[in-house]
Number of protein chains: 2
Amino acid sequence: MAAKDIHISDNLVPNGLALSKCTCMGLRKAARAVTQAFDSELRSVGLRSTQFSILSILVMGGAKTIGELSKYLVTDSTTLTRNLRPLERDGLIAIATGEDRRTRVIAPTAAGEESFAKALPLWQGVQERLIQKLGDSNWNTLLETLDMTVKASQD
Amino acid sequence: MAAKDIHISDNLVPNGLALSKCTCMGLRKAARAVTQAFDSELRSVGLRSTQFSILSILVMGGAKTIGELSKYLVTDSTTLTRNLRPLERDGLIAIATGEDRRTRVIAPTAAGEESFAKALPLWQGVQERLIQKLGDSNWNTLLETLDMTVKASQD
DNA sequence: ATACAGTATATGTATATACATATATTAAAA
DNA sequence: TTTTAATATATGTATATACATATACTGTAT
């Protein structure tokens, strides 16, 4: 049975809101689908989506502390501490103590920049195919509403 | 430094695509933000977003196999096998062997229906606040483009 | 200068996620 | 009918995620 053949018939709560339109489920579902697509391409260079994101921020934007990264990525800082481990282990980033010695300053290594450079055309391929399938207008709308959603969830 | 003060200045790849507009990063970021909001409400009834989603499908749509759930949720079936564990351990679902004895049929228990009923108004609160903050039109657009994105990622 | 409050990160624990692989069962082929 | 291919789920392993709590450091008040 294909996914599209599954119908959750009785899915209206009393006031008319549909559970099948749960914002959280919809977002997580789409995030899984898209992550699978990106991960599948990036696998050949040994990176995952999350790792590529972190690397891209560091390579394009320069060294950042864990706190800065976690705010930018809307990730708990304890999550980020752990997300950095595989990158450090593989020699793609370096973690140093900052001037404020409570902080850790994360910088890409030469190997990290190289890995990012290898991954970039693969990323670009998936990104472009997705934009093309969605259409420019829908894709732009998607990215805009995602940004709004992040802000709306936070205040 | 606030997240909005962080600027990834040099973020255009040669052909003009911006890394900061990575579809995957945007989706994952928004999924984290929204999940945090829903989880924060659902915590008082001991459910997480993922668990609430699964419960809602079973309660509103009836028993489903792991395969059916995994297709509907765009989740790897091995992930679903594991997602069910906490729900089973807490007595909210029952897992039985189907007529096709390779399959497992997942059904909500009475406790599961009760837990879902308790969670529903909490879910509704977060959902409505989000819709209100985004505006009906933006929210509808979001849910539509998310659906499109799932489809686009899959073919 | 010292005590105390606040901040940045780390660790313990639990769930979420997926790939590679193994197992069990069904369906198809010979 | 026996063999073989396909399907559904489970397990091993690794990463992603966040909360509660602990630790280390900074800044402030006295």
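As the structure is a prediction and not an experimental result, all values here were calculated from the model. Here is the naming used below: chain letters follow the sequence lines, and residue numbers restart at 1 for every chain.
- Side-chain N or O atoms of B:Ser53 include one that pairs as donor or acceptor with a backbone N or O of B:Ser49 at under 3.5 Å.
- Contact between the side-chain N/O atoms of A:Arg48 and the OP1/OP2 oxygens of D:dA16 is not found at any separation under 4.0 Å.
- Partners of B:Asp76 under the side-chain hydrogen bond (donor to acceptor under 3.5 Å, both in side chains) rule, at least two apart in sequence or in another chain, are B:Thr78.
- For B:Gln127 (side chain) and A:Thr23 (main-chain N/O), a donor-acceptor pair under 3.5 Å exists by modelled atom type.
- Side-chain atoms of A:Arg32 come within 3.5 Å of backbone atoms of B:Leu73 as a donor-acceptor pair (strictly under, hydrogens ignored).
- In this model, the phosphate group of D:dT15 is not approached by any side-chain N or O of A:Arg85 to a distance below 4.0 Å at OP1 or OP2.
- Protein atom CZ of A:Phe38 is 19 Å distant from nucleotide atom P of C:dT17, rounded to whole Å.
- If you measure from atom CG of A:Leu27 to atom C1' of C:dA16, you get 16 Å, rounded to the nearest angstrom.
- If you look at B:Phe116 and B:Phe52, their ring centroids are closer than 6.0 Å.
- Atom CZ in A:Phe52 sits roughly 18 Å away from atom C1' in D:dA16 (whole-Å rounding).
- Rounded to a whole Å, the CD1 atom of A:Ile66 is 13 Å from the C1' atom of C:dT7.
- Side-chain proximity of A:Arg28 to D:dA16, C:dT11, C:dA16: nearest is C:dA16.
- Formation of a donor-acceptor pair under 3.5 Å by the A:Glu68 side chain with backbone atoms of A:Thr65 is found in this model.
- No contact: A:Thr35 has no heavy atom under 4.0 Å from any strand.
- Residue order along DNA chain C, read from the 5' end via each residue's closest nucleotide, puts B:Thr50 first among A:Arg43 and B:Thr50.
- Comparing C:dA10, C:dA16, C:dC19 by their closest approach to the side chain of A:Thr81 singles out C:dA10.
- The stretch residues 86-111 of chain A touches DNA chain C through A:Arg102, A:Thr103, A:Arg104, each having a heavy atom under 4.0 angstrom from the strand.
- Evaluation of atom-type donor-acceptor distances gives a pair under 3.5 Å for the side chain of A:Thr79 against the base of D:dA18.
- An OP1 or OP2 oxygen of C:dT17 is reached within less than 4.0 angstrom by no side-chain nitrogen or oxygen of A:Gln36.
- Whole-Å rounding puts the A:Leu84 CG to C:dA10 P distance at 8 Å.
- Between B:Leu80 atom CG and D:dA8 atom C1' the separation is 13 Å, expressed in whole Å.
- Remark: the backbone N or O of A:Arg48 is paired with a side-chain donor or acceptor of A:Gln51 at under 3.5 angstrom.
- Taking atom CD of B:Gln51 as the reference point, atom P of D:dA18 lies 15 Å away to the nearest angstrom.
- Between A:Thr79 and A:Ser70, every side-chain heavy-atom pair lies at or beyond the 4.5 Å cut-off.
- Residue contacts shown for A:Arg82 include a base, since a base heavy atom lies under 4.0 Å away.
- Remark: A:Asn83 is in phosphate contact with D:dT17, judged by side-chain N or O atoms under 4.0 Å from OP1 or OP2.
- Between A:Arg32 atom CZ and C:dA18 atom P there is a gap of 6 Å when expressed in whole angstrom units.
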